[in-house]
Amino acid sequence: MTEAEATAADAPSNFIQDIVRDDLASGRVASLVTRFPPEPNGYLHIGHAKSICLNFGLAKEFGGRCNLRFDDTNPAKEEQEYIDAIMEDVRWLGFDWGEHLYHASDYFAQLYDWAEYLIVEGKAYVEELSADEMRQYRGTLTEPGRNSPHRERPVEENLDLFRQMRAGAFKEGERALRAKIDMASGNINLRDPVLYRIVHAPHPRTRDTWCIYPTYDFAHGQSDAIEGVTHSVCTLEFADHRPLYDWFIENLPVPARPRQFEFSRLNLTHTLLSKRALVQLVEEGHVAGWDDPRMPTICGLRRRGFPAAAIREFCARVGVTKQENVIETALLEFCVRELLNEQAPRRMAVLNPIRLVIENYPEGQSEELEAINNPGDESAGTRRVPFSRELFIERDDFMEDPPKKFFRLAPGREVRLRYAYFVTCNEVVKDETGEVVELRCTYDPETRGGNAPDGRKVKATLHWVSAAHAIPAEIRLYEPLFRDEIPDISEGLGNAINPDSLKTLSNCRLEPALAHALAGTSVQFERLGYFCPDADSSDGNHIFNRVVPLRDSWAKIKARG
RNA sequence: UGGGGCGUAGCCAAGUGGUAAGGCAACGGGUUUUGAUCCCGUGAUUCGCAGGUUCGAUCCCUGCCGCCCCAGCCA
């Protein structure tokens, strides 16, 4: 168990854990069964990760199980592509549903029978009002609805009509099956909700077996009951549906009595998590795709280099309540740094190179210096880094006329090159535009490895690469996709988007050990941040994503002035 | 003006009758061959507001205020 997981384990339990514990203790349920029920009409995002961690986490904690169930009741919107992507994402997050992979479509026959049962019981009827007319009859939030003129059809007629629906006798929208509950209910979900609608579209799994499909309300609770789900955990916006969920459970001969519990969904600053907004980002071309590293999708986060364990830790830290919340992205980044600090090997890379020539180091000579792979983990070992007369250092690490608090390299100043030598800047070479293009320095051979035998100290340690040995690379720096904490997209996405969300640096230099960095594995570029090879990389074309920068107190000092 | 949910620090979040945990962020200080990590320290005379009950209220009662969700044959 990592330190991070220990922290999460020590956290006080949330209200759902309390409910489960009580239900198990009282014997109301023998063992826990939860489910994660995505609709395969889009990609999973970090909000789903919270639900996945909750449902699978509960099952693991209490020795129960968690089913993966696709809520595939609307073939007009759903696709196999999404089903496959969702399974990949859930697995990547570290969860296993074992044999328990289900689809609401597995239950279409049973659901159909239950619909007829309701008709026979006089609790459902075939509607032939149009969607528009139904809206008229439904009333408003403050006014009760009126009964449909078809509400009192005889059972036989309803049965006949419903069977005709199933047989394909009608076009979409011409008929619908409705529950007969209460058109005057304050809860609009109880005003004779639609149970079945006609959809003439092939279903990804059942193909053309059906042309009528159950609605979410008619499918979800019954699916839970069929699967023996004991605790059906969903987000707050479904709380209004609970009375309907319970109505079906009470009025149908279902094999079990699942119960629904609601928690508040995750919101994150500087991003949007609604499926609609995410689709729009992709379709309008604001990002390169669902897996663009700026996207809050699971595949985007994965490509960016966020470890699954960091996402799990984040989900554990945000808590589970019924309170509306907007989590600062700083917490997510903290979880990523916490884990990567522990695990990521250290390397040196220069993002914005400036040449540094050591005048008293022999031309043509080079040597290898030993560097520690992870100062917090001795078992990570060491590596050798080539050093020579001409190096590159970070442009930000030199100032010709530095302010008081800047203690990196400057004319006449001595600093340490990490794991190498002390160097002193003697001369600044500029081009015709006045830009600094080269630093002429001398080094002290006695400081090999980074320590002065005479005990003299130096204020800064810089990262560097040997010019002749370095490998060129492109590095992509990411900033939040949206300018504001809570994006205002009322004028469209364009105005809300951060124009600097992606900055591409094409003149970067990496130490040779980075030539074989593994995809999906992050490394720390010392003093800069965590980086991860991008999928766009190819042989000889190294591309890295910045997962998250290191904390930077100099940046704060500089910003204050 | 209907129904449902929620109000504890900048952001999360415990506590639910005995005198406000913890994390993130922020800000100080120490260590440091990463201005990183690590360590130490600093926050609520107060729990949306107003009354009431009580020796005692964030917690119980009453009223008020604020925010979110619901009028798809989407989920």
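Throughout, a chain's letter reflects where its sequence line sits, starting with A, and its residues are numbered from 1. In this text, all values refer to a predicted model and were calculated from it rather than measured experimentally.
- When the side-chain nitrogen and oxygen atoms of Arg242(A) are compared with OP1 and OP2 of rG4(B), none of them lie within a distance under 4.0 Å.
- Scored by the side-chain hydrogen bond (donor to acceptor under 3.5 Å, both in side chains) test, Asp397(A) finds Arg408(A), Arg527(A) as partners (sequence neighbours excluded).
- Residues passing the salt bridge (Lys or Arg N to Asp or Glu O under 4.0 Å) test with Arg347(A), sequence neighbours excluded: none.
- A salt bridge is defined here as a Lys NZ or Arg NE, NH1 or NH2 lying under 4.0 Å from an Asp or Glu carboxylate O, and Glu414(A) with Arg456(A) meets this definition.
- Looking at residues two or more places apart in sequence or on another chain, you find no side-chain hydrogen bond (donor to acceptor under 3.5 Å, both in side chains) involving Arg413(A).
- The side chain of Asn325(A) approaches rC12(B) more closely than any other nucleotide in the set rC73(B), rA25(B), rC12(B).
- The Gln323(A) side chain lies nearest to rA13(B) when the options are rC74(B), rC73(B), rA13(B).
- Residue contacts for Pro375(A): at a heavy-atom cut-off of 4.0 Å it reaches a base atom on one of the strands shown.
- Remark: Tyr419(A) engages Ala371(A), Ile372(A), Glu526(A) in a side chain to side chain contact (heavy atoms under 4.5 Å, CB included) (not counting sequence neighbours).
- rA36(B) atom P lies 7 Å from atom CZ of Arg551(A), rounded to whole Å.
- Gln260(A) places its CD atom 12 Å from the C1' atom of rG4(B), with the value rounded to the nearest Å.
- Applying the side chain to side chain donor-acceptor pair (under 3.5 Å) test to every pair with at least one member in residues 547-560 of chain A, sequence neighbours left out, gives no pairs at all.
- Out of rU37(B), rC74(B), rG23(B), the shortest distance to the side chain of Arg317(A) is found at rG23(B).
- When the nucleotides rA75(B), rG35(B), rC74(B) are ranked by their closest atom to the side chain of Arg408(A), rG35(B) comes out on top.
- Note that CG of Asp72(A) is 9.5 Å distant from CD of Gln80(A), once rounded to the nearest 0.5 Å.
- Considering only side-chain N and O atoms, Lys556(A) lies under 4.0 angstrom from the phosphate OP1 or OP2 of rC27(B).
- Because its NZ or CZ atom is both nearer than 6.0 Å to the ring centre of Tyr112(A) and within 45° of the ring axis, Arg166(A) counts as a cation-pi partner of that residue.
- Atom CD1 of Ile557(A) and atom C1' of rG28(B) are 13 Å apart (whole Å).
- In terms of position on RNA chain B, the residue among Leu417(A) and Ala330(A) whose nearest nucleotide sits closer to the 5' end is Ala330(A).
- When the P atom of rU32(B) is taken as reference, atom CD of Glu526(A) falls 17 Å away, rounded to whole Å.
- Set against rG4(B), rG35(B), rU34(B), the side chain of Ala239(A) has rG4(B) as its closest nucleotide.
- Scored by the side chain to side chain contact (heavy atoms under 4.5 Å, CB included) test, Tyr137(A) finds Leu129(A), Arg146(A), Pro149(A) as partners (sequence neighbours excluded).
- At a cut-off of 3.5 angstrom, the base of rA75(B) holds at least one donor-acceptor pair with the side chain of His241(A).
- Among the nucleotides rA71(B), rG35(B), rC74(B), the one closest to the side chain of Arg138(A) is rA71(B).
- Residue Tyr216(A) is in base contact, counting any heavy-atom pair closer than 4.0 Å across all strands shown.
- An aromatic stacking contact links Trp554(A) with the base of rG35(B), defined here by ring centres under 5.5 Å apart and ring planes under 30° from parallel.
- Residues from residues 263-270 of chain A with heavy atoms under 4.0 angstrom of RNA chain B: there are none.
- In this structure, the CH2 atom of Trp247(A) is 20 Å from the P atom of rG4(B), given to the nearest Å.
- Salt bridge annotation for Arg546(A)-Glu479(A): present, with a cationic side-chain nitrogen under 4.0 angstrom from a carboxylate oxygen.
- Judged by distance alone, with hydrogens and angles left aside, Arg346(A) brings a side-chain donor or acceptor within reach of the base of rU34(B), the pair sitting under 3.5 Å.
- Counting atom types as modelled, Glu143(A) pairs no side-chain N or O with a base atom of rU1(B) as donor and acceptor under 3.5 Å.
- Where Phe407(A) and Val318(A) meet RNA chain B, the nucleotide closest to each residue was compared, and Val318(A) sits on the side nearer the 5' end.
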Dot-bracket summary - RNA chain B, pairs being Watson-Crick or G-U whose distances fall under 3.5 Å, with | when paired to another strand | .((((((..(((.....[...))).(((((.......))))).....(((((..]....))))))))))).....

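- In this model, the phosphate group of rC73(B) is not approached by any side-chain N or O of Ser130(A) to a distance below 4.0 Å at OP1 or OP2.
- If you check every strand for non-hydrogen atoms under 4.0 Å, Phe406(A) touches a base.
- OP1 or OP2 of rG72(B) has at least one side-chain nitrogen or oxygen of Arg135(A) nearer than 4.0 Å.
- For Arg138(A), there are no salt bridge (Lys or Arg N to Asp or Glu O under 4.0 Å) partners, not counting sequence neighbours.
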Check: protein-nucleotides 65-69 of chain B nitrogen or oxygen pairs below 3.5 Å:
residue, atom, partner, partner atom, Å
rC68(B), O2', Glu324(A), OE2, 3.2

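- The side chain of Lys322(A) places no N or O atom within less than 4.0 Å of a non-bridging phosphate oxygen (OP1 or OP2) of rG7(B).
- Across all strands, Ser553(A) comes closer than 4.0 Å only to sugar-phosphate atoms, never to a base (heavy-atom distances).
- Straight-line distance from the CD atom of Gln524(A) to the P atom of rG35(B): 10 Å, rounded to whole Å.
- Within the 3.5 Å criterion, the main-chain N or O of Glu237(A) finds no donor-acceptor partner in the side chain of Thr235(A).
- Across rC24(B), rA75(B), rU34(B), the shortest atom-to-atom separation from the side chain of Leu550(A) is found for rU34(B).
- A straight line from CG of Leu340(A) to C1' of rU34(B) spans 15 Å, rounded to a whole angstrom.
- For rC12(B), the OP1/OP2 oxygens have no side-chain nitrogen or oxygen of Thr321(A) closer than 4.0 Å.
- With sequence neighbours left out, the side chain to side chain contact (heavy atoms under 4.5 Å, CB included) criterion links Leu550(A) to Gln524(A), Tyr530(A).
- Heavy atoms of Ile212(A) sit nowhere under 4.0 angstrom from any nucleic acid atom.
- Looking at residues two or more places apart in sequence or on another chain, you find a side chain to side chain contact (heavy atoms under 4.5 Å, CB included) between Ser51(A) and Phe36(A), Asn55(A), Phe263(A).
- The side chain of Arg560(A) approaches rC27(B) more closely than any other nucleotide in the set rC74(B), rG2(B), rC27(B).
- Candidate nucleotides rU34(B), rC73(B), rG72(B) were compared by shortest atom distance to the side chain of Arg197(A), and rC73(B) ranks first.
- Note: CD1 (Ile327(A)) to P (rG10(B)) measures 15 Å, nearest angstrom.
- Taking the syn range as angles within 90° of 0, the glycosidic angle of rG18(B) is outside it, so the base is anti.
- A ring-centre distance under 6.0 Å is not found for Phe218(A) and Trp114(A).
- The gap from the C1' atom of rC73(B) to that of rC67(B) amounts to 32 Å, rounded to the nearest Å.
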